[in-house]
Amino acid sequence: MITLHHYIILSIILFTIGAIGAITRRNVIVIFMCIELMLNAANIAFLAFARWDLLIQGKIFVLFIVAIAAAETAIGLAIIILLYRNKKTVCVDEMNILRG
Amino acid sequence: MNAILFYTFASIAVISALMVITRRNPLMSALMLVSCFLATAIIFALLDATFLAVLQILIYAGAIMVLFIFVIMLVHTDNKFLKIRTITFSKTLGTMAVIYMAIVLCIAVWVPPFVKAPDSGISFTATQSIGRSLVTTYAIPFELLSVLLLVAIIGAILLSKKEV
């Protein structure tokens with residue numbers, strides 16, 4: 001029998017993998033993908049809670065998250081291209097000009 | 001049947017997520033991310049959210065991943081990136097902190113009433129209900145979302161233009 005806990009644990013595992021990737025990787029594009037992974041894990045949790053409480057609001061929220069993730073990706077990738085044009089690299093270790 | 005589908009696609013999602021963060025080539029990471037999103041779409045369908053499962057495939061696995069692959073192709077990955085990975089103190093500490101957070105969350109979530117999912121009526125499963133609440137209760141957030149997407153489009157064009 002699959003209970004709510006299974007879905008939440010799956011969501012926690014995916015979120016953890018995404019967070020570990022965002023901490024350890026150096027390629028800024030891969031870090032961006034890890035953020036998408038974490039958003040996706042949150043979506044699973046939203047839909048699982050919506051299914052168990054029979055609330056339509058969970059689905060609406062996931063719809064909004066997907067749309068905002070699309071906007072975020074468009075802007076983020078434009079920023080990455082801009083950074084690459086200026087610094088000729090996408091390695092986060094070399095993006096330290098704001099540190100002064 | 002439900003359990004078999006859940007365990008199969010949950011393990012596919014977890015394994016592809018692990019591949020995303022371990023592959024050295026960003027293009028391989030992107031392809032593994034597509035596989036993770038497809039498995040997640042099946043999980044969404046198991047949760048009676050068929051419309052969102054289709055949306056997940058169309059937007060995430062389709063549009064967003066195409067954008068990612070475009071950028072990976074545009075950005076020249078030099079050999080400097082493929083150098084040996086280093087294990088630093090801060091990364092180890094961060095990873096351990098995240099794993100600790102996951103364990104604490106799992107323990108916090110594991111509280112006894114393990115109930116089966118209640119029977120979902122037609123008002124929950126039908127896509128009609130999502131559409132209806134998008135134009136009635138959530139009409140203003142929905143319109144704001146379309147403005148946000150417009151702003152994102154204009155912002156992306158402005159940012160990536162060669163010379164202003």
Side-chain angles (χ1 to χ4, degrees), chain A residues 1-10 12-21 23-27 29-30 32-34 36-37 40 43-44 47-48 50-52 54-57 59-60 62-64 66-75 77-82 84 88-91, chain B residues 2-3 6 10 13-14 17-18 20-21 26 29-30 33 36-37 40 43-44 47-49 52 55-56 59-60 63-64 67-68 71-72 74-75 78 80-81 91 94-95 98-99 102 105-106 109-110 114-118 120 124 129-130 133-134 138 141 145 148-149 152-153 155-156 159-160:
Chain A
M1 186 179 78
I2 301 295
T3 61
L4 174 61
H5 300 75
H6 289 77
Y7 286 101
I8 302 302
I9 299 274
L10 170 68
I12 291 172
I13 291 172
L14 284 178
F15 188 88
T16 311
I17 293 172
I20 290 174
I23 289 172
T24 54
R25 290 303 298 256
R26 276 176 306 189
N27 189 332
I29 301 175
V30 179
F32 218 67
M33 287 186 211
C34 291
E36 298 294 324
L37 211 59
N40 211 39
N43 283 351
I44 294 178
L47 283 180
R51 174 70 183 83
W52 256 260
L54 292 181
L55 288 172
I56 202 77
Q57 280 89 342
K59 290 184 178 181
I60 306 285
V62 170
L63 202 68
F64 284 157
V66 170
I68 288 172
E72 173 230 339
T73 311
I75 294 289
L77 290 177
I79 291 174
I80 288 174
I81 289 189
L82 211 62
Y84 178 72
K88 295 289 167 220
T89 178
V90 279
C91 185
Chain B
N2 235 337
F6 174 79
V14 170
L18 281 173
V20 169
I21 67 166
S29 299
L33 195 59
C36 181
F37 283 153
T40 316
I43 299 282
F44 284 4
L47 284 167
D48 281 341
L52 287 164
L55 211 66
Q56 171 91 356
I59 295 183
Y60 263 117
I64 292 184
L67 215 59
F68 265 110
V71 173
I72 291 171
L74 275 178
V75 171
D78 39 357
K80 211 161 61 173
F81 259 150
K91 282 179 185 172
T95 309
V98 170
I99 291 173
L105 272 180
C106 286
V109 157
W110 205 256
F114 300 110
V115 287
K116 253 178 105 145
S120 55
F124 181 74
S129 50
I130 298 180
S133 45
L134 271 183
Y138 300 100
L145 198 64
L148 175 78
L149 283 173
I153 293 167
L159 279 176
S160 52

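Throughout, protein chains are lettered first and strands after them, A, B, ... in sequence-line order, and every chain is numbered starting at 1. This one's a predicted model, so the numbers in the text were calculated from it and none came from an experiment.
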Residue part contacting chain B, namely of [X], when any heavy atom lies under 4.5 Å:
X	result
A:Phe32	both
A:Ile8	side chain
A:Ile29	both
A:Leu47	both

Select, from [options], the one with the greatest count of heavy-atom pairs under 4.5 Å involving chain A.
options	answer
B:Leu159, B:Ile21, B:Leu47	B:Leu47
B:Cys36, B:Ala49, B:Ala30, B:Ala17	B:Ala17
B:Ile99, B:Ile43, B:Ile130	B:Ile130
B:Phe68, B:Tyr60, B:Trp110	B:Phe68
B:Val20, B:Leu55, B:Leu134, B:Leu74	B:Leu134
B:Ile59, B:Ile153, B:Val71	B:Val71

Among [options], residue most engaged with chain B (heavy-atom pairs, under 4.5 Å):
options	answer
A:Val62, A:Val66, A:Ile60, A:Ile9	A:Ile60
A:Ile20, A:Ile68, A:Ile79	A:Ile20
A:Leu4, A:Leu55, A:Ile13, A:Ile80	A:Leu55
A:Ala48, A:Cys34, A:Ala19	A:Ala48
A:Ile56, A:Leu82, A:Ile81	A:Ile56

To check you understand the geometry: which heavy-atom pair defines the closest contact between [X] and [Y], and what is its length?
X	Y	result
B:Leu67	A:Ala74	CD2-CA, 4.0 Å
A:Lys59	B:Asp48	NZ-O, 3.1 Å
B:Ala156	A:Ile75	N-CD1, 3.7 Å
B:Pro26	A:Asn27	CG-ND2, 3.4 Å
B:Ile64	A:Glu36	CD1-OE1, 4.3 Å
A:Leu14	B:Ala13	CD2-O, 3.9 Å

For the residue pair [X] and [Y], establish whether any side-chain heavy-atom pair is separated by less than 4.5 Å.
X	Y	value
A:Arg25	B:Lys91	no
A:Leu10	B:Phe6	yes
B:Phe44	A:Asn43	yes
B:Ile72	A:Met33	yes
B:Lys116	A:Thr3	no

Contacting region of [X] [heavy-atom separation from chain A under 4.5 Å]:
X	result
B:Ala102	both
B:Leu18	both
B:Leu33	side chain

Test side chain to side chain donor-acceptor pair (under 3.5 Å) on A:Asn40 and B:Gln56 and set out the steps. CA-CA 9 Å; A:Asn40 211 39; B:Gln56 171 91 356; 2.9 Å; yes
